[in-house]
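Lettering of chains follows the sequences in order, A, B, ..., and the numbering in each one begins at 1. Predicted, not measured: the structure shown is a model, and the values here were computed from it.
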Amino acid sequence: MSETQTMSEAAPHVRIRAIGPGHLGQRVQIRGWLANKPGGKGRYFLWLRDGSGIIQAVAEQEKSSPEDWEAVESIGLESSIIVEGIVKAHPRNEGEFELDFAGIKVLQAVSDYPITKKEHGTEFLMKHRHLWLRGRRQSAILRIRAEVHKAWADFFYDRGFFRVDTPIFTPNACEGTTTLFEVDYHGDTVYLSQSGQLYNEADIGALGQVYCFGPTFRAEKSKTRRHLLEFWMLEMEAAFYDFDDNIRFQEEMIAFTVSRILERCSAELKELGRDPEKLRPATQTPYPRLRYGDAIELINKSRVAILMEQRGLSEEKALELLYSGKATFSDDTYDDDAEKTRKLEPFRWGDDFGAPDEAAISAQYDRPVFVSNFPTEIKGFYFKQDEEADGSLRVDPVFAALPDDMKLPGMSGHTVQGADCIGPEGAGEMIGGSQREDNFERLMENIEHHQLPLDFFQWYLDTRRYGNVPHSGFGIGMERFVAWVAGGSDTPVHIREVITFPRMLHQFEP
RNA sequence: UCCGGCGUAGCUCAAUGGCAGAGCAAACGGCUGUUAACCGUUAGGUUACUGGUUCGAGUCCAGUCGCCGGAGCCA
């Protein structure tokens, strides 16, 4: 501090976020970077940024030492500096604070910071992601993400769950092999993990209630605003939880987390332009629930509505056209510039939801919605199937009532005790969860039917051989969740903004 | 893998097939409770790359590369 006599050894270092009414009139020290410097001859407003928030120090030539003033004049955006000043109320902005500049130490003066105050394109920003992170919007999103981490950790800890860490190198797939990243493991081929679930199912034998939270790798060639090749997923598994316990746990967890964000991240939401009232409904449980069979009707109604609107047809004519299989529609759901004409067919039993279908479902509600009881055929081998009282497999009544041309070939009508949670405002699928199959014979049949390597699953089957219990679990994608909380539909946050260094198709630098 | 869009100054974008332009950033000067401050001056170009059509191509055609969005698949 010897270069600048005005620096005081006594002034305490404070984080900007922590500055409050208690600091009024006190001299404090801010350590960080110069975010902006409006002003000019005789007076500068130094926008100071330390990662926790932003505050301006008002520096005036006549009140400053010549050395300090020269430093203030010379520094450019993102110079690293230590500034001292007296805390006072912001004269214009109610409830905000500013500093009367009292001294500066320049650690590094910068004059050519690449990211200017003008707007930039995606490509440029992604190439400078390591610097883009410093922006007010980007850092606000990352603070929200950190708060979600904390909320989830608290939620699980308070309910007696233990965090376990599942392996990232895995010997084989629990689902398809086309979306796995291969790694050479000293001559053997292993894969980067797509899920810790199977390991969690073993871990509950030791700990009862667990969750894992780590990176998940999907080699899918997806290039959309909802996809990362490396994303973070929390997976919960609980012994003796039934399907309803599982759903209730999920909605309570989301409600708790959203409440936390509203409580602790109001400054960040404001920075992002995110309306807190859009999040408020999600703090109230229970969330609406919908069976797959009911969703069929809802989706087909939405498709009829599209035809009625785009073609000016009556409901009757639109229905006729949809079921003729010759209908087309203009889809601009995700791209305002390029409308596309697509075939529009009825949604049949056995179809999987596309993004527009999820949107049609979520549009009905102001909070997350669960869609449950999917056809067995379109879900993984570990899903427990719905049973009748006598233990036989249940045929869904909606399926039984459907005409044959509304069912895909090979459908049994059997359903699973699984549910997806679809976020509001077009957030898409955030959670997938289920009751796990604990009937040994049925599990074996499923493994065979999915043509999975039985050798690999022997250790997993031991969980059913020795002390088998009913259990349930789910996985939630961190980035999709945060993108919804931070962005919504009016002020969308892209999934690439939700993680410090996103890994996307053909995009792994910096 | 497929479909659509885009690629011009450091950045964001203009330019009927006919002289390569503006704003911001930068440098210099002026102004001042500023909120992407403002005003003036200066400087800034292999129009992604390769080939073709044409008297003439940033513009039209073909191919390549890169970026963005979407489909399938998924959280």
Side-chain angles (χ1 to χ4, degrees), chain A residues 35-47 54-61 76-77 88 90-93 96 98 100-101 111-128 132 135-137 175-180 194-195 197 215-235 330-343 351-356 358 378-380 420-423 427-433 474-484 492 494-496 498-499 504-507:
Chain A
N36 197 3
K37 193 180 79 169
K41 278 275 179 294
R43 181 187 288 124
Y44 278 109
F45 301 91
L46 305 176
W47 292 23
I54 203 158
I55 192 169
Q56 72 173 2
V58 185
E60 293 181 329
Q61 185 169 14
L77 297 192
K88 61 178 216 179
H90 194 292
R92 288 189 188 171
N93 301 353
E96 290 182 23
E98 66 172 24
D100 262 341
F101 175 85
S111 63
D112 54 354
Y113 188 65
I115 300 181
T116 66
K117 288 178 283 181
K118 191 74 178 174
E119 62 188 285
H120 297 282
T122 305
E123 186 176 0
F124 178 83
L125 290 171
M126 283 305 293
K127 279 184 177 159
H128 296 83
W132 185 26
R136 297 180 69 163
R137 172 184 167 87
E175 286 159 74
T177 53
T178 54
T179 63
L180 291 162
Q194 286 198 327
S195 167
Q197 181 197 316
T216 299
F217 305 90
R218 303 272 165 98
E220 292 150 6
K221 300 203 169 176
S222 303
K223 270 193 86 153
T224 81
R225 71 184 62 182
R226 302 181 306 281
H227 287 90
L228 292 169
L229 270 62
E230 175 187 294
F231 66 95
W232 284 68
M233 182 162 68
L234 181 150
E235 292 175 280
S330 302
D331 180 13
D332 60 350
T333 315
Y334 292 103
D335 194 339
D336 299 336
D337 302 324
E339 282 199 0
K340 271 161 275 185
T341 304
R342 253 201 271 282
K343 272 187 86 172
D351 278 330
D352 236 329
F353 300 141
E358 286 181 355
I378 62 173
K379 289 294 178 185
D420 288 348
C421 179
I422 299 173
E429 183 184 341
M430 298 194 301
I431 300 181
F474 67 89
I476 180 167
M478 172 62 123
E479 286 78 15
R480 282 193 186 170
F481 181 79
V482 176
W484 163 58
H494 196 288
I495 200 155
R496 71 167 83 86
V498 172
I499 185 165
M504 299 182 299
L505 195 59
H506 307 134
Q507 218 281 244

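Here the straight-line distance linking atom CZ of A:F231 with atom CD1 of A:I495 works out to 8.5 Å at 0.5 Å rounding.
Regarding A:E220, its CD atom lies at a distance of 13 Å from the C1' atom of B:A71, rounded to whole Å. Here the C1' atom of nucleotide B:C67 and the NE2 atom of A:H128 are 15 Å apart, to the nearest Å. What separates CD1 of A:I54 from C1' of B:A36 is a distance of 12 Å, to the nearest Å. Atoms CG (A:L77) and P (B:G10) sit 20 Å apart, rounded to a whole Å. Taking atom CZ of residue A:R225 and atom P of nucleotide B:A75, one finds them 20 Å apart after rounding to whole Å. One can place CG of A:N36 at 7 Å from C1' of B:A36, the figure rounded to the nearest angstrom. Distance A:H494 NE2 to B:G70 C1': 11 Å, rounded to the nearest Å. Rounded to whole Å, atom P of B:G70 lies 10 Å from atom NZ of A:K223.
In this structure, A:K223 and A:L505 approach most closely via the heavy-atom pair CG-CD2, 3.4 Å. Looking at every heavy atom in both residues, A:F217 comes nearest to A:E230 through CE2-OE1, 3.3 Å. Between A:I54 and A:A35, the closest heavy-atom pair is CD1-CB, 3.7 Å. Of all heavy-atom pairs between A:H227 and A:E220, the closest is CD2-OE1, 4.1 Å. Considering all non-hydrogen atoms of both residues, A:N36 and A:L77 come closest at CA-CD2, 3.4 Å. Closest approach of A:E479 to A:W232, counting heavy atoms only: OE1-N, 3.0 Å.
Nearest nucleotide to the A:K221 side chain, out of B:G33, B:G72, B:G70: B:G72. Looking at the side chain of A:D352, the nearest of the listed nucleotides B:C74, B:G66, B:G33 is B:C74. Considering only side-chain atoms of A:S222, the nucleotide from B:G69, B:C67, B:C73 that sits closest is B:C73. When the nucleotides B:C11, B:C73, B:U34 are ranked by their closest atom to the side chain of A:F124, B:C11 comes out on top. Distance from the side chain of A:K88 is smallest to B:G33 among B:U35, B:G33, B:U12. For A:V58, the listed nucleotide lying nearest its side chain is B:G33; candidates were B:G33, B:G70, B:A75. With distances taken from any side-chain atom of A:W47 to the nucleotides B:U35, B:A75, B:C73, the minimum falls on B:U35. Of the candidates B:A71, B:A75, B:G33, the closest approach to any side-chain atom of A:F45 belongs to B:G33.
B:G21 and B:A9 have their C1' atoms separated by 10 Å, with the value rounded to a whole Å. Remark: the separation of the C1' atoms in B:U47 and B:A14 is 13 Å, to the nearest Å. Atom P of B:G40 sits at a distance of 45 Å from the matching atom of B:C55, rounded to the whole Å. With C1' as the reference atom, B:U53 and B:G10 are 35 Å apart, rounded to whole Å. Only the C1' atoms considered, B:G58 is 43 Å distant from B:A75, to the nearest whole Å. The separation of B:A57 from B:C19, taken at their P atoms, amounts to 12 Å, rounded to a whole angstrom. When the P atom is used for both B:U16 and B:A20, the distance is 14 Å, rounded to whole Å. A gap of 25 Å separates the P atoms of B:A15 and B:U50, to the nearest Å.
In this structure, A:H227 reaches the bases: a heavy-atom distance under 4.0 Å links it to at least one base atom across the strands shown. Residue-level contact check: A:T224 touches the backbone only, with heavy atoms under 4.0 Å from sugar-phosphate atoms and none from bases. The residue A:I431 sits close only to the backbone: its heavy atoms come under 4.0 Å of sugar-phosphate atoms, none of a base. Among the protein residues, A:R496 comes within range of the sugar-phosphate backbone only, with heavy atoms under 4.0 Å from sugar or phosphate atoms but none that close to a base.
Residues A:D100 and A:E123 each lie close to RNA chain B; by heavy-atom proximity, the contact nearer the 5' end of the strand is made by A:D100. With RNA chain B read from its 5' end, the first of the two nearest nucleotides for A:P38 and A:L505 is the one closest to A:L505.
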Pairing pattern in dot-bracket form [Watson-Crick, G-U; both distances under 3.5 Å; | = partner strand] for RNA chain B: (((((((..((((....[..)))).(((((.......))))).....(((((..]....))))))))))))....

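Contact check, A:R226 against B:A71: a side-chain N or O comes under 4.0 Å of OP1 or OP2. Between A:R218 and B:C74 there is no side-chain N or O to OP1 or OP2 distance below 4.0 Å.
Side-chain atoms of A:E60 stay outside donor-acceptor range of the base of B:G33, with no qualifying N/O pair under 3.5 Å. With hydrogens and angles ignored, no donor-acceptor pair closer than 3.5 Å exists between the side chain of A:T179 and the base of B:C73. For A:Q56 against B:U35, no side-chain N or O and base N or O form a donor-acceptor pair under 3.5 Å. Interface remark: the A:R480 side chain does form a donor-acceptor pair with the B:C74 base, using a distance-only criterion of under 3.5 Å. Judged by distance alone, with hydrogens and angles left aside, A:H120 brings no side-chain donor or acceptor close enough to the base of B:C11 to form a pair under 3.5 Å.
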Reading 5' to 3' through nucleotides 22-27 of chain B, protein heavy-atom contacts under 4.0 Å coded B for base, S for sugar-phosphate only, - for none: -BSS--

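The aromatic ring of A:F231 is stacked on the base of B:A75, with the two ring centres less than 5.5 Å apart and the planes inclined by under 30°.
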Intermediate values then yes/no, side chain to side chain contact (heavy atoms under 4.5 Å, CB included), A:R226 and A:R480: CA-CA 7 Å; A:R226 302 181 306 281; A:R480 282 193 186 170; 3.8 Å; yes

Test log, rule side chain to side chain contact (heavy atoms under 4.5 Å, CB included), inputs A:E98 and A:F45: CA-CA 10 Å; A:E98 66 172 24; A:F45 301 91; 5.6 Å; no

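Within the 4.5 Å cutoff, no side-chain heavy atoms of A:M478 are placed close to those of A:L234. Taking 4.5 Å as the limit, some side-chain heavy atom of A:R496 sits within range of a side-chain heavy atom of A:T122.
Ring planes of A:F124 and A:H128: tilted class, angle from 30 to 60°.
Remark: side-chain polar atoms of A:R218 are paired, donor with acceptor, to backbone N or O of A:Q194 under 3.5 angstrom.
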